Protein chains: 2
Amino acid sequence: MDATTAAGFDAFAQSCPSRQLLETIGDKWASLTIVALGLGGRMRYSELSTRIAGVSQKMLTQTLRNLERDGLLTRTVTPSVPVRVDYELTPLGSSLLEPICHLKLWAEAHMAEVNKAREEYDRGKGRAVTP
Amino acid sequence: MDATTAAGFDAFAQSCPSRQLLETIGDKWASLTIVALGLGGRMRYSELSTRIAGVSQKMLTQTLRNLERDGLLTRTVTPSVPVRVDYELTPLGSSLLEPICHLKLWAEAHMAEVNKAREEYDRGKGRAVTP
DNA sequence: CGGCATCCCGAGGGATACTG
DNA sequence: CAGTATCCCTCGGGATGCCG
């Protein structure tokens with residue numbers, strides 16, 4: 001199918017697992033959901049909806065389906081009178097939690113620098129625009 | 001600025017740096033670019049274009065601008081007759097490389113499980129459709 | 001060579017309303 | 001409560017073409 005993976009290793013070929021992972025965690029709601037479940041353990045749909053501020057139910061449902069499909073979380077339906085659905089990370093999902101938290105730590109440690117860099121960049125490049 | 005990082009920590013408020021980081025690494029080309037520069041050191045525009053298969057020059061340029069704005073890489077113009085432009089990670093960018101590589105390692109270790117889970121999920125859910 | 005500018009299409013994703 | 005379905009609009013991002 002591909003001759004691209006020959007030399008060294010291309011994380012850049014489309015077939016590389018790195019690309020596939022980016023599809024997953026690149027979805028902002030997916031990573032937030034994983035972190036939410038990592039902190040909260042087993043959670044109901046409505047709990048997640050409340051916890052992850054700003055997500056629409058469409059996106060939440062879609063995200064949960066994708067993560068379930070990827071085997072990162074389980075969906076448990078309790079057929080009581082008001083239906084109850086719980087979501088929980090699988091061991092696989094929990095293992096993904098760790099590298100994600102590394103990113104989170106980086107963010108908390110360095111986002112101030114990033115924001116400062118942005119401001120400087122915007123000042124420097126914005127000179128020619130306003131007369 | 002925010003009280004979110006204090007207790008338990010809400011990665012879920014919009015103001016949280018986690019969200020902002022997701023904006024950055026959520027862009028698939030951004031993370032690939034960072035990894036490329038992490039492996040290749042200083043690279044020219046055309047080198048990056050070749051290395052990161054599938055990226056359009058529009059997206060590559062846009063990605064490089066964003067990363068430069070964030071202070072993650074430097075853009076060096078050598079005004080020779082054919083203009084030469086080099087990109088290189090800043091220390092800040094290099095520090096981001098580490099958590100990204102954690103993700104990369106996770107992907108290489110677990111993507112097979114994910115793919116298997118996907119196949120099973122697709123088989124299980126497809127039964128009701130075809131009569 | 002490197003990179004903006006333009007056009008343009010299709011997917012992403014929010015708001016709303018309905019169902020079991 | 002936990003979705004599913006529909007509408008609809010934004011914008012990501014590829015193709016193409018022009019500058020310094």
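From a predicted model like this one, the values you see are computed outputs, not experimental measurements. Atoms considered below: every heavy atom in the structure, side chains included; atoms not considered: hydrogens, waters and symmetry mates. Letters A, B, ... mirror the listed sequences (proteins, then strands); counts begin at 1.
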Distance test, side-chain N/O of [X] to OP1/OP2 of [N], below 4.0 Å:
{"X": "A:Arg44", "N": "D:dC1", "value": "no"}
{"X": "B:Arg75", "N": "C:dG2", "value": "no"}
{"X": "B:Tyr87", "N": "C:dG3", "value": "yes"}
{"X": "B:Thr61", "N": "C:dC4", "value": "no"}

Could you check how far [atom1] of [X] sits from [atom2] of [N], rounded to whole Å?
{"X": "A:Ile52", "N": "C:dG14", "atom1": "CD1", "atom2": "C1'", "result": "16 Å"}
{"X": "A:Gln57", "N": "C:dA15", "atom1": "CD", "atom2": "P", "result": "9 Å"}
{"X": "B:Asn66", "N": "C:dG3", "atom1": "CG", "atom2": "C1'", "result": "15 Å"}
{"X": "A:Arg65", "N": "C:dG13", "atom1": "CZ", "atom2": "C1'", "result": "17 Å"}
{"X": "B:Glu68", "N": "C:dG2", "atom1": "CD", "atom2": "P", "result": "15 Å"}
{"X": "A:Arg84", "N": "D:dC1", "atom1": "CZ", "atom2": "P", "result": "12 Å"}
{"X": "A:Met59", "N": "C:dG12", "atom1": "CE", "atom2": "P", "result": "9 Å"}
{"X": "A:Asp27", "N": "C:dG14", "atom1": "CG", "atom2": "P", "result": "10 Å"}

Minimum heavy-atom separation for [X] and [Y], please, with both atom names.
{"X": "A:Val83", "Y": "A:Arg44", "value": "O-NH2, 4.0 Å"}
{"X": "A:Leu89", "Y": "A:Ile34", "value": "CD1-O, 3.8 Å"}
{"X": "A:Ser95", "Y": "B:Trp106", "value": "OG-NE1, 2.9 Å"}

Which nucleotide, D:dA2, D:dC1, C:dG14, lies nearest any side-chain atom of A:Ser56?
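Among the listed nucleotides, the one closest to the side chain of A:Ser56 is C:dG14.
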When you measure from the side chain of A:Trp29, which nucleotide among C:dG14, D:dG3, C:dG2 comes out closest?
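From the listed options, C:dG14 comes nearest.
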Once you measure the plane-to-plane angle for A:His102 and B:His102, does it fall in the parallel (<30°), tilted (30-60°) or perpendicular (>60°) bin?
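Rings of A:His102 and B:His102: parallel, as their planes differ by under 30°.
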What contact category does B:Gln62 fall into here, base, sugar-phosphate, or nothing, at under 4.0 angstrom with non-hydrogen atoms?
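Nothing: the residue B:Gln62, judged by heavy atoms under 4.0 Å, touches no strand.
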With nearest nucleotide decided by heavy atoms, which residue, B:Val77 or A:Val55, maps closer to the 5′ end of DNA chain C?
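Nearest nucleotide further toward 5': that of B:Val77.
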Could you check B:Lys58 against A:Asp86 and say which one's nearest nucleotide on DNA chain D is further toward the 5' end?
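Between the two, 5'-proximity favours A:Asp86.
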Charged N-O contact under 4.0 Å between B:Lys104 and B:Glu108:
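Result for this pair is yes, salt bridge flagged.
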